[in-house]
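This report concerns only the one structure given below.
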Amino acid sequence: MARLARTAGLTDVQQEILSTVRSFVDKEIIPHAQALEHADEYPADIVEGMKEMGLFGLTIPEEYGGLGESLLTYALVVEEIARGWMSVSGVINTHFIVAHMIKQHGTPEQKQHFLPRMATGEVRGSFSMSEPDLGSDVAAIKTRARRDGEDYVIDGAKMWLTNGGSSNLIALLVKTDEGAEKAHQNLTTFLVEKPSGFGEVLPGLTIPGKIDKMGYKGVDTTEAVFDGFKIGADKVLGNAPGKGFSYMMDGVEVGRVNVAARACGIAIRSFELAIAYAQQRSTFGKPIAQHQAIAFKLAEMATKVEAAHLMMVNAARLKDSGARNDVEAGMAKLIASEYCAEVTQEAFRIHGGYGYSKEYEIERLMREAPFLLIGEGTSEIQKTIISRGLLRDYQV
């Protein structure tokens, strides 16, 4: 049994869930990931399998048909799935974030309307903050919603929607005129229901098509263009105009734990591939694992995997406890994504020339790992969050 990335103190239910997911990953994801990724094909059969397992309702309360599990369980499930193929974890990531936001901040009517169908996977969520010219400056959002009687009319363009085409619910952050002095207090989150697909999916809402990416294939990443799109005021999350930024940041904290978990999953898989190859490949009359240069690489890789996993688990447990975890989630995301890139590159080097071949899994992981340095905030943004939190806690 592997000794890395074990988690102490799990319940019998958590262990059973993780065992089931790991078996699913080994049998249904890893054998098919290469072909699906190279074809940039949406993993429809895998998604159906996750529906049947109840994974889309993992963190949704039992009263709404979900499993009612913790963020820690969710993070460990994501780690296992990303170990198989990161794109599959992307299918459920934004869904979990949106479900969390509705669970925490939605009105009773919104919870009843969305959560039971989200638990079954009938409704799948995507998450939209970024814009073509926005970068990390969320307060500078230009997409605007103006009041029109009982409705709002939305105009603007959003960017980098994971599952933008395949989802049928978008948690959308836009600017509204609340009269607040601080820019972030004039931001509102809408729950936009739409059909899945591309083109003009609703009057005034266009999903142009998939963005072609270096990695992270299979899952669709899109733009969303709003041109006179009309939506009811009852679709404002929590019936709370101006609170959208804080609601989204709550979701982003969940997302940062998710990205840390995905990074751990890729790093674990990279290590597995490297240590197996190092025992099979021989040079100068012995397996390369017996050469000190390779043995030391494996030792360093394993240590980084373990450190990242422990920080990810700590951030998840803090969020579950109700404590503020912005610093810990930022730290976990920072170290896990950076270590993931380093571990994957070392695995690539251990494979030598074969690592550059598309026949080998490590070539795919080399293209996937860089995304995690950017997703849910760059490493520089994490350092900003961490330093601000430390200065807040260590004031003199």
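Numbering of residues begins at 1 and proceeds along the displayed sequence.
For the residue pair S166/D220, the side-chain donor-acceptor check at 3.5 Å is satisfied. Between the side chains of E200 and T206, not a single donor N or O lies within less than 3.5 Å of an accepting N or O. A side-chain N or O of E178 and one of T176 form a donor-acceptor pair less than 3.5 Å apart. A side-chain donor from one of H309 and T7 sits under 3.5 Å from a side-chain acceptor of the other. In this model, no donor atom of one side chain and acceptor atom of the other lie less than 3.5 Å apart for T143 and K175.
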**Request:** Evaluate the side-chain contact (heavy atoms from CB on, under 4.5 Å) criterion for residues M366 and Y356: first the C-alpha distance (whole Å), next the side-chain angles of each, then the deciding distance (0.1 Å), finally the verdict.
**Result:** CA-CA 9 Å; M366 274 290 291; Y356 207 63; over 6 Å; no
**Derivation and outcome, side-chain contact (heavy atoms from CB on, under 4.5 Å), residues H351 and Y360** = CA-CA 9 Å; H351 280 76; Y360 280 72; 3.9 Å; yes
**Request:** Please assess K319 against N314 for the test side-chain contact (heavy atoms from CB on, under 4.5 Å), listing each intermediate value before the final yes or no.
**Result:** CA-CA 9 Å; K319 186 78 170 175; N314 180 58; over 6 Å; no
**Request:** Start with the C-alpha distance between N163 and T94, add both sets of side-chain angles, then the distance that settles side chain to side chain donor-acceptor pair (under 3.5 Å), and finish with yes or no.
**Result:** CA-CA 8 Å; N163 302 307; T94 56; 2.9 Å; yes
**Message:** salt bridge (charged side-chain N to carboxylate O under 4.0 Å, His left out) for R367 and E363? Distances and angles first, verdict last.
**Reply:** CA-CA 7 Å; R367 290 184 287 105; E363 181 272 341; 2.7 Å; yes
**Asked** Could you go step by step and tell me if Y152 and V236 meet the side-chain contact (heavy atoms from CB on, under 4.5 Å) rule?
**Response** CA-CA 10 Å; Y152 284 85; V236 172; 3.9 Å; yes
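Rounded to the nearest 0.5 angstrom, E37 CD and E361 CD are separated by 10.5 Å. Once rounded to the nearest 0.5 Å, the distance linking CG of L334 with OG1 of T378 reads 9.5 Å. From K182, atom NZ reaches atom CG of L187 across 13.5 Å, with rounding to the nearest 0.5 Å.
Within 6.0 Å of CZ on R392 lie more than 12 heavy atoms contributed by other residues, nucleotides or ligands. Around atom NZ of K243, no more than 12 heavy atoms belonging to other residues, nucleotides or ligands sit under 6.0 Å away. At most 12 heavy atoms of other shown residues, nucleotides or ligands fall within 6.0 angstrom of atom CD in E16. Annotation for D393: atom CG counts as buried by contact number, over 12 foreign heavy atoms lying within 6.0 Å. For D177, the CG atom counts as loosely surrounded, since its 6.0 Å shell holds 12 or fewer non-hydrogen atoms of other residues, nucleotides or ligands.
Between P241 and T188 the shortest heavy-atom distance is CA-OG1, 3.5 Å. Annotation for V343 and M301: closest pair O-CE, 3.6 Å, computed over non-hydrogen atoms. Between A75 and M312, the shortest heavy-atom distance links the atoms CB-SD, 3.6 Å. Here the closest heavy-atom approach between residue M118 and residue A99 is recorded as CE-N, 3.8 Å. Considering all non-hydrogen atoms of both residues, A33 and G84 come closest at CB-O, 3.9 Å. The two residues Y277 and I350 come nearest to each other via the heavy atoms CE2-O, 3.4 Å.
Put simply, the side chain of S387 gets close to the backbone of T384: a donor and an acceptor are under 3.5 Å apart. Proximity of a side-chain donor or acceptor of K158 to a complementary backbone N or O of E131 within less than 3.5 Å is not detected. Side-chain atoms of K333 come within 3.5 Å of backbone atoms of G375 as a donor-acceptor pair (strictly under, hydrogens ignored). No donor-acceptor pair closer than 3.5 Å links the side chain of E28 to the backbone N or O of G49. In this structure a side-chain-to-backbone donor-acceptor pair under 3.5 Å is missing from N325 to L318. At distances below 3.5 Å, at least one donor-acceptor pair connects side-chain atoms of R147 with backbone N or O atoms of G149. Checked by atom type and distance alone, the side chain of D148 never pairs as donor or acceptor with a backbone atom of V153 at under 3.5 Å. Distance alone, capped at 3.5 Å, places no donor-acceptor pair between the N168 side chain and the S196 backbone. S23 places no side-chain N or O within donor-acceptor distance of the main-chain N or O of S19, the cut-off being under 3.5 Å. A distance-only check finds no donor-acceptor pair linking the side chain of D155 to the backbone of A145 [under 3.5 Å].
Residues passing the side-chain hydrogen bond (donor to acceptor under 3.5 Å, both in side chains) test with S126, sequence neighbours excluded: S167.
Between L36 and the choices D45, V88, I29, I46, the side chain to side chain contact (heavy atoms under 4.5 Å, CB included) rule is met once, by I46. Of the candidates M53, E52, E80, F24 forms a side chain to side chain contact (heavy atoms under 4.5 Å, CB included) with just one, namely M53.
Listed by first and then second residue, the ring-ring contact (aromatic ring centres under 6.0 Å, His included) pairs that reach into residues 68-123 are F56-H95, Y74-F96, H105-Y247, sequence neighbours excluded. Among residues at least two apart or in separate chains, ring-ring contact (aromatic ring centres under 6.0 Å, His included) pairs with a member in residues 199-236 are Y216-F371, F226-F229.
Note on E306 versus R3: no salt bridge recorded, every NZ/NE/NH1/NH2 to OD/OE distance being 4.0 Å or above. In this structure, E380 does not pair ionically with K383, as no charged nitrogen and carboxylate oxygen lie closer than 4.0 Å.
Criterion: ILVMFWY side-chain heavy atoms under 4.5 Å apart, direct or through other members. Under it, W160 and V192 are not part of a common hydrophobic cluster. Using a 4.5 Å cut-off between side-chain heavy atoms of Ile, Leu, Val, Met, Phe, Trp and Tyr, with links allowed through other members, L191 and I141 fall into the same hydrophobic cluster. Cluster annotation: M86 and I30 are assigned to the same hydrophobic cluster (Ile/Leu/Val/Met/Phe/Trp/Tyr, side-chain heavy-atom contacts under 4.5 Å, transitive). Cluster annotation: V13 and V313 are assigned to the same hydrophobic cluster (Ile/Leu/Val/Met/Phe/Trp/Tyr, side-chain heavy-atom contacts under 4.5 Å, transitive).
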